[in-house]
Amino acid sequence: FERLWRQGSGQAPTQKWWYGASLRLRGVAYILALGFLLLVSLAVSTFTNLLSGWAGNYLPLEKVVWVINEVVSIAFCVALFLGLMRMSSGPKPALRFLVMGSVAGAILFQVGKYLMAYYLSTAAVVSAYGAAGSLVVILMWIYFSSGVLLLAASMARAWADEAAQEDENKAASLSGA
């Protein structure tokens, strides 16, 4: 992230070693906490699916519960992406651009999650690699997740740069008029 945030702004300043170590430690703690939240999100998702299946026999609420489940899942992903982007070192875009990038990343993450589930259910990747199939699936998931996160951060940076350019154009037109 730091390399993305500093694009074109020169060398990174040197920092004390304990600052870097504390940042890494906070990062690990943050990822563990958000991993726990995603586990809770999975439990809530499972519960809502169970509830919608049970209530679907009595009430036509299955679609409503599915939409609520997706909204909660996207909200957790937005919080995860936003937290990871805010926690990085170096100059960051404004919070509104980070939120916009996080929302775009969360939507892409949800769409990609369904596409990957479809691919894995039809392509037989796991059986093609035998016992190492589980490792291949985990590596695919990590690659996909990191790609979406970096794309979301790049989108936030692009929106921030575009807004800064518009502000400079407005200032130039006001001073020139």
Side-chain angles (χ1 to χ4, degrees), residues 1-2 4-5 22-126 133-163:
F1 284 128
E2 185 175 352
L4 178 68
W5 300 148
S22 69
L23 189 64
R24 300 280 188 233
L25 190 59
R26 281 189 304 168
V28 168
Y30 186 74
I31 288 172
L32 288 175
L34 285 172
F36 175 73
L37 286 177
L38 287 175
L39 187 62
V40 169
S41 172
L42 178 67
V44 168
S45 175
T46 303
F47 177 73
T48 56
N49 285 337
L50 178 68
L51 185 66
S52 71
W54 173 78
N57 296 332
Y58 305 107
L59 301 168
L61 294 177
E62 190 170 348
K63 298 290 183 190
V64 173
V65 172
W66 181 81
V67 168
I68 291 171
N69 187 26
E70 290 303 310
V71 168
V72 168
S73 181
I74 287 175
F76 272 119
C77 287
V78 166
L80 174 67
F81 287 172
L82 181 64
L84 288 173
M85 285 191 268
R86 291 236 345 140
M87 194 178 61
S88 65
S89 63
K92 298 174 225 16
L95 182 61
R96 65 181 172 142
F97 300 117
L98 291 178
V99 170
M100 289 167 49
S102 297
V103 169
I107 291 170
L108 287 172
F109 189 77
Q110 290 296 321
V111 170
K113 183 172 70 171
Y114 284 115
L115 291 175
M116 189 172 284
Y118 176 75
Y119 172 72
L120 291 174
S121 67
T122 58
V125 173
V126 176
S134 304
L135 181 63
V136 170
V137 169
I138 289 171
L139 290 175
M140 284 174 57
W141 183 254
I142 290 170
Y143 182 76
F144 165 72
S145 301
S146 62
V148 168
L149 180 62
L150 288 175
L151 179 64
S154 298
M155 292 169 74
R157 170 69 194 252
W159 283 323
D161 289 347
E162 183 179 341

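Judged by distance alone, with hydrogens and angles left aside, the side-chain atoms of Ser102 form a donor-acceptor pair with the main-chain N or O of Leu98 at under 3.5 Å.
Side chains of Val103 and Ile74 form no contact here, defined as non-hydrogen atoms less than 4.5 Å apart.
The SG atom of Cys77 sits 12.5 Å away from atom CG of Leu82, with the distance rounded to the nearest 0.5 Å. Within the model, atoms OG of Ser73 and CG of Asn69 stand 6.5 Å from one another, a figure rounded to the nearest 0.5 Å. For the atom pair CE of Met116 and OG of Ser145, the computed distance is 7.5 Å after rounding to the nearest 0.5 Å.
The shortest heavy-atom contact between Gly101 and Ala152 is O-CB, 3.2 Å. Scanning both residues, Met85 and Lys92, for their nearest heavy atoms gives O-CD, 3.5 Å. Between Ala106 and Val78, the closest heavy-atom pair is CB-CG2, 3.5 Å. Taking every heavy atom of both residues into account, Ala104 and Trp159 meet most closely at CB-CH2, 4.2 Å.
Ring orientation note: the planes of Phe144 and Phe109 are close to parallel, at an angle under 30° on the 30°/60° scale.
Remark: of the listed residues Leu108, Leu80, Leu84, Leu84 is the sole one forming a side chain to side chain contact (heavy atoms under 4.5 Å, CB included) with Leu149.
No more than 12 heavy-atom neighbours from other residues, nucleotides or ligands sit within 6.0 angstrom of OH on Tyr143.
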The test is side chain to side chain contact (heavy atoms under 4.5 Å, CB included); show your working for Met100 and Met155 and say whether it passes. CA-CA 8 Å; Met100 289 167 49; Met155 292 169 74; over 6 Å; no
